[in-house]
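What follows is one structure encoded as structure tokens, with my remarks underneath.
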Number of protein chains: 2
Amino acid sequence: MNKHINTVGSNTYQRIKHDIIYGELEPGTKLKLDGLKTRYAASLSTLREMLSRLASEGFVAAEEQRGFFVTPVSREDLIEITNLRVLLECSAVKESIENGDTDWEGNLVAAHHKLHLMEQKMLNGDETEKETWKRYDGEFHLAMIQACNSKNLLDIHATIYDKYLRYQMLVLTYRGQEAVDEHKAMFDAALARDAKLAQELLEKHIRKGVEHTLEKIFSVDE
Amino acid sequence: MNKHINTVGSNTYQRIKHDIIYGELEPGTKLKLDGLKTRYAASLSTLREMLSRLASEGFVAAEEQRGFFVTPVSREDLIEITNLRVLLECSAVKESIENGDTDWEGNLVAAHHKLHLMEQKMLNGDETEKETWKRYDGEFHLAMIQACNSKNLLDIHATIYDKYLRYQMLVLTYRGQEAVDEHKAMFDAALARDAKLAQELLEKHIRKGVEHTLEKIFSVDE
DNA sequence: CTTGAGAGAATTCTCGAGAAAATATAGTTG
DNA sequence: CAACTATATTTTCTCGAGAATTCTCTCAAG
């Protein structure tokens, strides 16, 4: 299915990134090279190379001569990430709806269908595949903006989305029917080529989801 | 003045990045590790680490098992970069104008003053310090958005701006009095706290500058 | 009881060497 | 002469070791 990238480097890169996003490496944790060496079975040089990459993407904080840390989380950071996501994704969805061809529509229909199936599963109480569900959610949002004609924008968006995803994983709340309806409404607006409506729905959708998250994570502490 | 970072790594990182932005390493060039090793006097591991970083920022293209290249330039890419810069910088300037405190105003006044002095020099035919001029230009634009309250946005903007700068350096045109007036108008709008006007002026300013560049680089070829 | 200095330990930073893969070259066959 | 194969060369990828730096703990002085 998905091509297996076989260098030690890109493998550990993906694993570390995954572990940060999905909370297995907790925010603020010191990433000691020697510890990572045993955990990921890679050499110091290789690890440094990948940590450097993750640092420039913002998942890792690097301090000169003092090592690497998992980037901490904070209320302010989540708000910044959210605003950026709204800005980028709303801009992209407009372009995408205006430029999208038949292939784009096809992929969008498929992505929404897969997401919808998973959402039904979740509504029925099956919470065994939260990670898969979130992946379909991401793929649906990506399908919406795929035709925006800007590789640069899609790249930046992907990173921002992953950062948003990390916050989601810290609580992993499911808004239920409400979110399902929002996805459907956005999907319909996109097929109807109503860019303005899609933008409005998208912004509300994103902000509502994050409010939910903000309350749960940063209600008392930090 | 500016603190000298002394590790071999960050030094070569800065030098390679500089050489890419200022065209000393031409777009598309194959970056052979062994060649870089002699040029920058650093080991393979260190070089790989820094090239990986530059790759994830988009200044270098990395192909699995096939090495590193200076990211190519293209008309489409410049247009994408421009649209992103407009999107990010206009959003940031609005926030900044609405939130900026006295410190922000002070820095902005200083940045505009320095830029203005340099522009006068350029108008008088002194073109010996183009790099300094472009630095002041960048610092002015940064000063405008500095108070936007989003580290994430400022980070992304900085990278996008550097990419824009590389295209500028490929031609290095000077629009003269026109650009000077535009800077002044934006500066005045910011001090008058007229966010909407500042946004409009900024978008026009950016797009005009790029049109100028587009014509010169991609008029015939590629 | 706090503060500072200094030795020792832990950690990061940098390097060159060997393994793995890709590219270029030469040789052979149809 | 073209196309394929085998070999040689180049280049990337990965690793562990040693140097440089930071951190930690102990102990003494005020």
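So you know, we letter chains A, B, ... as the sequences are listed, proteins then strands, and number each from 1. Computation of the quantities below employed the complete heavy-atom set of this structure, encompassing side-chain atoms and omitting hydrogens, waters and symmetry-equivalent molecules.
Put simply, NZ on A/K32 is 21 Å from P on D/dT21, counting in whole angstrom units. Remark: P of D/dT11 and CG of B/L36 are 12 Å apart, rounded to the nearest angstrom. We find that CG of B/L33 is positioned 5 Å from P of D/dT12, with the value rounded to whole Å. Rounded to a whole Å, the CZ atom of B/F69 is 11 Å from the C1' atom of D/dT11. Atom CG in B/L51 sits about 10 Å away from atom P in D/dT12, given to the nearest Å. In this structure, the CG atom of A/L47 is 16 Å from the P atom of D/dC13, given to the nearest Å.
Residue contacts for B/L31: at a heavy-atom cut-off of 4.0 Å it reaches the sugar-phosphate backbone alone, with no base atom in range.
In this structure, the ring pair (Phe, Tyr, Trp, His ring centres under 6.0 Å) partners of A/H18, at least two apart in sequence or on a different chain, are A/Y22. Every residue two or more places apart in sequence or in another chain that forms a side-chain contact (heavy atoms from CB on, under 4.5 Å) with A/A143 is listed here: A/L108, A/A111. By the side-chain contact (heavy atoms from CB on, under 4.5 Å) test, B/D126 pairs with B/K121, B/T128, sequence neighbours left out. The ring pair (Phe, Tyr, Trp, His ring centres under 6.0 Å) check on A/H212 picks up nothing, with sequence neighbours excluded. For A/Q65, the side-chain contact (heavy atoms from CB on, under 4.5 Å) test picks out B/T7, with sequence neighbours left out. Applying the side-chain contact (heavy atoms from CB on, under 4.5 Å) test to B/T29 and every residue at least two apart in sequence or in another chain returns B/E26, B/V70.
A donor-acceptor pair under 3.5 Å is absent between the side-chain atoms of A/E203 and the main chain of A/V86, judged by distance alone.
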Please tabulate, one pair per line, each protein N/O and nucleotide N/O from nucleotides 22-25 of chain D that are separated by under 3.5 Å, including the distance.
| from | atom 1 | to | atom 2 | distance (Å) |
| --- | --- | --- | --- | --- |
| D/dC23 | OP1 | A/R66 | NE | 2.2 |
| D/dC23 | OP1 | A/R66 | NH2 | 3.2 |

List every contact pair, protein side and nucleotides 14-18 of chain D side both N or O, where the distance is under 3.5 Å.
| from | atom 1 | to | atom 2 | distance (Å) |
| --- | --- | --- | --- | --- |
| D/dT14 | OP1 | A/V8 | N | 2.3 |
| D/dT14 | OP2 | A/G9 | N | 3.4 |
| D/dC15 | OP2 | A/S43 | N | 2.9 |
| D/dC15 | N4 | A/S45 | OG | 3.0 |
| D/dC15 | N4 | B/S45 | OG | 3.3 |
| D/dG16 | O6 | A/S45 | OG | 2.7 |

Side-chain donor-acceptor distances from residues 162-172 of chain B under 3.5 Å, at least two apart:
| from | atom 1 | to | atom 2 | distance (Å) |
| --- | --- | --- | --- | --- |
| B/K163 | NZ | B/E57 | O | 3.1 |
| B/Y164 | OH | B/K134 | NZ | 3.3 |
| B/R166 | NH1 | B/T71 | O | 2.9 |
| B/R166 | NH2 | B/T71 | O | 3.0 |
| B/Y167 | OH | B/S74 | N | 3.2 |
| B/Y167 | OH | B/S74 | O | 3.4 |
| B/Y167 | OH | B/D77 | OD2 | 2.6 |
| B/Q168 | OE1 | B/K134 | NZ | 3.1 |
| B/Q168 | NE2 | B/T213 | OG1 | 2.8 |

